[in-house]
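Each remark here refers to the structure printed beneath this line.
Numbering of residues begins at 1 and proceeds along the displayed sequence.
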Amino acid sequence: MKKITALFALFLLTALLCCGCGEEKRFFLSTTDYDLDAETSQTIRGVKIGDNSDAFLAAYRDYDILTSISGGDYLTLPAEDIPFDVSISTILPSFFVDGTALEIDRFCEENKIEKDGLLAFLTNEDYLNAHSVVYRYLVFTWENGVITEIRSESMDYNRDGSYYQPSLESADKTEEG
């Protein structure tokens, strides 16, 4: 299960890097923004299963939102263009380096790396020996304009980095099972 989650997180990261070139967001979620109430599955910002797009956008409009329509690729869409009335999944992703949300464009510029080299940079053994790197994301599943599921997931690169390089054989078996 951890390998599936890791592959999913890696896919999301790639989607964010490839599609996150649009409008710059000024705000970042904190690590506590990814906490869910265990009993109600409610986010710290009050969004819960059964809520509609108004509640979701009131809480998260100012953040990067990746959207998958009917199981397709995740894309960064402006909040007003997200088709909440169809079967979608929305994700709010963030990298945290040493506990602080990472502003990807600035980080890449300061470290003189291209966005497509960010993952390799952050998972470099020397970098991980000096920093903690965690990828966190909230996943919202939508049907007919209503949230039907909320999950909070994360990948700690310092602990779980080996899961990012599964063999093709194990990835195929995971998809089949």
Side-chain angles (χ1 to χ4, degrees), residues 1-38 41 43-45 59-60 62-68 71-77 89-141 149-177:
M1 186 60 162
K2 283 191 175 197
K3 287 186 179 185
I4 292 171
T5 301
L7 287 170
F8 183 67
L10 181 59
F11 170 76
L12 293 176
L13 169 65
T14 304
L16 176 64
L17 292 174
C18 293
C19 301
C21 301
E23 174 184 329
E24 181 77 22
K25 301 292 180 178
R26 296 178 305 151
F27 305 103
F28 298 98
L29 293 173
S30 70
T31 55
T32 58
D33 285 318
Y34 290 92
D35 294 341
L36 290 178
D37 181 290
S41 293
T43 71
I44 197 167
R45 294 175 179 259
Y60 299 112
D62 294 326
Y63 303 96
D64 286 325
I65 302 170
L66 296 177
T67 305
S68 170
D73 291 340
Y74 281 90
L75 305 170
T76 301
L77 298 175
S89 178
T90 55
I91 297 176
L92 296 156
S94 292
F95 270 114
F96 291 88
V97 174
D98 299 330
T100 302
L102 183 71
E103 184 180 350
I104 293 174
D105 288 335
R106 188 177 73 192
F107 184 85
C108 289
E109 184 178 317
E110 289 173 355
N111 290 284
K112 297 176 178 49
I113 57 174
E114 297 294 323
K115 281 186 181 180
D116 62 358
L118 180 63
L119 182 61
F121 186 89
L122 292 175
T123 58
N124 177 283
E125 186 176 339
D126 292 335
Y127 192 80
L128 291 174
N129 285 333
H131 302 280
S132 69
V133 179
V134 178
Y135 180 62
R136 297 190 66 138
Y137 49 100
L138 281 171
V139 181
F140 298 83
T141 304
E149 181 183 8
I150 303 172
R151 295 186 323 273
S152 179
E153 300 181 5
S154 66
M155 175 59 69
D156 182 331
Y157 281 68
N158 297 80
R159 285 191 314 204
D160 303 328
S162 63
Y163 291 111
Y164 279 104
Q165 299 174 356
S167 70
L168 291 176
E169 179 182 339
S170 65
D172 290 341
K173 287 181 183 176
T174 304
E175 289 174 7
E176 294 172 5

Regarding [X] and [Y], is there a side-chain donor-to-acceptor distance under 3.5 Å anywhere?
X: Y137; Y: S152; answer: no
X: T90; Y: Y60; answer: no
X: S30; Y: D33; answer: yes

Is there a donor-acceptor pair closer than 3.5 Å between any side-chain N or O of [X] and the backbone N or O of [Y]?
X: D156; Y: V134; result: no
X: N158; Y: L128; result: yes
X: N124; Y: A120; result: no

*Could you tell me how the ring of Y135 sits relative to the ring of F95: parallel (under 30°), tilted (30 to 60°) or perpendicular (over 60°)?*
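Plane angle between 30° and 60°, so tilted.
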
Note, [X] side chain near [Y] side chain (heavy atom, < 4.5 Å):
X: I150; Y: T43; value: yes
X: L118; Y: I104; value: yes
X: T67; Y: L75; value: no
X: D35; Y: R136; value: yes
X: L66; Y: P93; value: yes
X: F140; Y: E149; value: no
X: L92; Y: L29; value: yes
X: Y74; Y: S89; value: yes

*Sequence neighbours left out, what passes side chain to side chain donor-acceptor pair (under 3.5 Å) with N111? Give chain and number order.*
none

*Sequence neighbours excluded, which residues qualify as side chain to side chain donor-acceptor pair (under 3.5 Å) partners of D126?*
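Partners of D126 by the side chain to side chain donor-acceptor pair (under 3.5 Å) criterion come out as none, since no residue qualifies.
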
Kindly compute the distance separating [atom1] ([X]) from [atom2] ([Y]), expressed to the nearest 0.5 Å.
X: S132; Y: F96; atom1: OG; atom2: CZ; value: 10.5 Å
X: E109; Y: E103; atom1: CD; atom2: CD; value: 9.5 Å
X: L36; Y: E153; atom1: CG; atom2: CD; value: 10.0 Å

_Candidate pair M155 and V133, rule side chain to side chain contact (heavy atoms under 4.5 Å, CB included), full reasoning_ = CA-CA 8 Å; M155 175 59 69; V133 179; over 6 Å; no

*Which residues pass the ring-ring contact (aromatic ring centres under 6.0 Å, His included) test with F121, sequence neighbours left out?*
F107, Y127

*Evaluation steps, side chain to side chain contact (heavy atoms under 4.5 Å, CB included), between L122 and H131*: CA-CA 9 Å; L122 292 175; H131 302 280; over 6 Å; no

_How about CD on E110, more than 12 heavy atoms from neighbouring residues, nucleotides or ligands closer than 6.0 Å, or not?_
yes

